[in-house]
A.B. asks: 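One structure, as C-alpha cells, below. Some questions next.
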Amino acid sequence: MQDMKKRKLCKKIILGMSGGVDSSVCAYLLKKQGYEVIGVFMQNWDSYLNNDIKGHLKADTKQCNAQKDFQTAKLVANKLGIKIYRTEFINKYWNKVFCYLINEYKGGRTPNPDILCNKYIKFDEFIKHAQEHFQCKNIAMGHYANVLHKKNHFYLTKAKDKDKDQTYFLCWLTEEQLQHTTFPLGNLLKSKVRAIAKNIGLENWSKKDSTGICFIGERNFKDFLSNYLSYKRGKIIDVTTKAIIGYHDGVAFFTYGQNKGMNLSGCAQRYFVCGKDLKKNILYVCTENSKNKYLATTKCSLTKFNWINGIPKSKNVFIRFRHRQKLIKGTFDYFGKDINLNYPQTLAITPGQFAVLYQGKICLGGGIVDKISK
C-alpha cells in the first residue's frame, strides 16, 4: 500500500506472520502486488524456560499459544500459496527486552517492553535473520504505521486508522531499519482489514487482537511479575493526612495513577497511587479531589531519546505518553543526550514510560521519562 514502487529492486519480501488477521492480510496484499512473500513465524517466549508459572488467565493456554498461532499462520500461508518458516529469539528477547522490564520494575518505574521488542527483535534480529537465511533485508510487518520516502530519507508516519496507529511503539526504530521495512496496513482501517480477510476466506478474520506484553500475552500482571519479583509487605499512606490506610505487597507492583489492586475497597474515597519510597517500601496515595495537586505535572526530563531523522528546527511538538492517549501540545529543550519537555498540566506521567514526539504526521522519535516536576 505504501510507496511500494520504491522497492522494485527486490521483489522478495520477508513477512513476520503471527497467525493474526493483520499479518495474514499483509501476506495477501503483498502477494497481490507482485511480491515473492516468505512468511516467518517468531516465537520469543517460552513459559517453561522462563519460569512463567503464575498469572495465566486460562489454565489451558499456559504453554500452547505459540503452537496454536503457528498452526493458524500455516493454514493462512497454505491458502495463499506462500512458504512459511518458524524461528525463535527466546534468549535474545530475554536478554534485550525482558531483563530490562524486570530491572525497571525493581527500580519502581513503569517500562514499555513493546518498544524494545520492536527495536531489538522485530526490526533487528528479524532483519538479520531475513538477510542470513533468505538473502533479503526487506521485511514487512502488520503494524499500523507508514514509511514515507522523501529526498533520500525515510520517515515514520502515522497510520490512517487513528485508533490503531502504532507509531508510539515504533519510536526507537532507526532510519536504517525503516529503509528496509514495509507496513502494508498503514493506509487501511482495521475494519477494512477484517473485511478483506473475510472476503478471501481466511478463518482468522474475526480472531481477537493480541493484547498484553509483546510475545507473552495477557496475564494477571501482579501475579506474573511475582514470578520474578518477591513480595515485600509495606505501608500504604494517605499523602495528605499521613495516615496508614492499608498495606501492599511491594511498591514495584504499582504505577502512578493506579487505583485498583490495593485492597482499599472499604475506604470512603477512591485512592490513586501518587508516589513511591523504595527504601522505606512505602506506597503513597491521594484522593480523587487531590489528584491535580499530587499527580499532575507540567514538565519532565527524558533519557535515551531516539531521533529517527535528527533534531527538528522547531521545538513545538505534540507529545504522546501512552498508546492511544490523545496528543498533547508541548515544547522541548535539548541538552546533549537529554530532553526536557514542557506541556499543559497532565495527570500520571510516570518515570520509566516513553514519551513520543510528533510534528504533523511524522513521528520524530521517543525517549524514557526520567524525572517529573510541577
Side-chain angles (χ1 to χ4, degrees), residues 53-57 100-113 212-213 218-303 319-326 328 330 340-355 368-374:
I53 301 169
K54 294 178 285 185
H56 290 263
L57 300 184
Y100 160 83
L101 178 146
I102 294 302
N103 288 334
E104 285 287 270
Y105 276 109
K106 282 181 179 178
R109 295 155 66 89
T110 302
N112 192 312
I213 306 172
E218 283 191 274
R219 297 289 190 273
N220 177 308
F221 201 63
K222 181 180 176 183
D223 290 343
F224 173 72
L225 280 183
S226 72
N227 290 312
Y228 314 98
L229 301 175
S230 300
Y231 288 129
K232 187 178 180 182
R233 194 168 188 263
K235 301 172 184 175
I236 300 176
I237 295 180
D238 183 318
V239 70
T240 302
T241 66
K242 311 304 179 187
I244 300 171
I245 60 171
Y247 293 88
H248 62 81
D249 293 323
V251 295
F253 299 107
F254 298 90
T255 188
Y256 288 13
Q258 182 173 336
N259 67 344
K260 296 179 180 179
M262 293 180 285
N263 296 318
L264 299 178
S265 57
C267 295
Q269 306 178 75
R270 292 176 69 201
Y271 280 97
F272 300 81
V273 175
C274 65
K276 303 177 183 182
D277 187 325
L278 265 69
K279 291 184 179 179
K280 295 181 180 180
N281 194 32
I282 295 174
L283 195 67
Y284 291 99
V285 295
C286 64
T287 62
E288 181 92 42
N289 293 334
S290 61
K291 280 198 300 184
N292 285 342
K293 180 177 180 179
Y294 294 106
L295 266 176
T297 61
T298 61
K299 299 177 182 179
C300 70
S301 61
L302 309 179
T303 60
I319 308 165
R320 179 166 281 149
F321 289 103
R322 295 177 182 87
H323 177 50
R324 289 200 176 108
Q325 180 194 52
K326 289 184 178 180
I328 302 168
N340 286 348
L341 293 183
N342 304 285
Y343 46 88
Q345 192 177 65
T346 305
L347 293 175
I349 305 305
T350 306
Q353 70 182 147
F354 276 72
I368 302 171
V369 175
D370 186 37
K371 296 178 182 178
I372 53 178
S373 61
K374 303 294 184 182

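In this chain, residues are counted from 1 in sequence order. The shown structure was predicted, so the numbers you read here are calculated from the model rather than taken from an experiment.
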A.B. asks: Check ring pair (Phe, Tyr, Trp, His ring centres under 6.0 Å) between Y247 and all other residues, then give those that pass, not counting sequence neighbours.
C.D. replies: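 Applying ring pair (Phe, Tyr, Trp, His ring centres under 6.0 Å) to Y247 gives none.
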A.B. asks: Could you pull out the closest heavy-atom pair between S226 and D223, with the gap in Å?
C.D. replies: OG-O, 2.5 Å
A.B. asks: To check you understand the geometry: which heavy-atom pair defines the closest contact between I372 and P351, and what is its length?
C.D. replies: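 Nearest pair, atom of I372 first, then P351: CD1-CD, 4.2 Å.
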A.B. asks: Kindly write out the residues that satisfy ring pair (Phe, Tyr, Trp, His ring centres under 6.0 Å) with F221, not counting sequence neighbours, or none if the list is empty.
C.D. replies: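 Testing F221 for ring pair (Phe, Tyr, Trp, His ring centres under 6.0 Å), a comparison that skips the adjacent residues, returns Y105.
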A.B. asks: If I compare all heavy atoms of V239 with all of C274, which pair ends up nearest, and what's the gap?
C.D. replies: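 Smallest interatomic distance, heavy atoms only, reads CG1-SG, 3.9 Å.
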A.B. asks: Without swapping roles, check the side chain of K276 against the backbone of L283 for a donor-acceptor pair under 3.5 Å.
C.D. replies: no
A.B. asks: Is the F272 to Y256 ring centre distance short of 6.0 Å?
C.D. replies: no
A.B. asks: For K280, look at atom NZ and say whether over 12 heavy atoms of other residues, nucleotides or ligands are found less than 6.0 Å away.
C.D. replies: no
A.B. asks: Taking the side chain as C-beta and beyond, is there a heavy-atom pair between N292 and L347 under 4.5 Å?
C.D. replies: yes
A.B. asks: Take T287 and T240 through the test side-chain contact (heavy atoms from CB on, under 4.5 Å) and record every step on the way to the result.
C.D. replies: CA-CA 9 Å; T287 62; T240 302; 5.7 Å; no
A.B. asks: Taking T110 for the side chain and Q353 for the main chain, is one N or O donor matched with an acceptor at less than 3.5 Å?
C.D. replies: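 Checked: no pair found.
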A.B. asks: side-chain contact (heavy atoms from CB on, under 4.5 Å), that's the test. Do L302 and L341 meet it? Break it down for me.
C.D. replies: CA-CA 8 Å; L302 309 179; L341 293 183; 3.7 Å; yes
A.B. asks: Go through the side-chain N and O atoms of D238 and Y271 and say whether any donor and acceptor fall under 3.5 Å apart.
C.D. replies: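 Note: D238 and Y271 side chains meet the donor-acceptor criterion.
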A.B. asks: If I compare all heavy atoms of K291 with all of C286, which pair ends up nearest, and what's the gap?
C.D. replies: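 Minimum heavy-atom separation between K291 and C286: CA-SG, 4.1 Å.
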A.B. asks: Taking the basic N atoms (NZ, or NE/NH1/NH2) and the acidic carboxylate oxygens, is any pair closer than 4.0 Å for K235 and D277?
C.D. replies: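 The answer is no: the pair does not qualify as a salt bridge.
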A.B. asks: P111 and Y100: which non-hydrogen atoms are nearest, and at how many Å?
C.D. replies: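 What the structure gives for the nearest pair is CB-CE2, 3.7 Å.
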A.B. asks: Should we count NZ of K293 as having more than 12 external heavy atoms under 6.0 Å?
C.D. replies: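 For K293, atom NZ is not crowded (no more than 12 foreign heavy atoms under 6.0 Å).
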A.B. asks: Would you check if I236 and M262 make a side-chain contact, meaning some heavy-atom pair closer than 4.5 Å?
C.D. replies: yes
A.B. asks: Looking only at non-hydrogen atoms, find the nearest pair between H248 and N281 and report the distance.
C.D. replies: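 Minimum heavy-atom separation between H248 and N281: NE2-O, 2.9 Å.
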A.B. asks: Just do the side-chain contact (heavy atoms from CB on, under 4.5 Å) check on T346 and I328 with the steps written out, would you?
C.D. replies: CA-CA 9 Å; T346 305; I328 302 168; 3.8 Å; yes
A.B. asks: List in chain and number order the residues that pass side chain to side chain donor-acceptor pair (under 3.5 Å) with Y343, two or more places apart in sequence or in another chain; answer none if no residue qualifies.
C.D. replies: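 Partners of Y343 under the side chain to side chain donor-acceptor pair (under 3.5 Å) test: T297.
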A.B. asks: Please assess R219 against H56 for the test side-chain contact (heavy atoms from CB on, under 4.5 Å), listing each intermediate value before the final yes or no.
C.D. replies: CA-CA 5 Å; R219 297 289 190 273; H56 290 263; 3.2 Å; yes
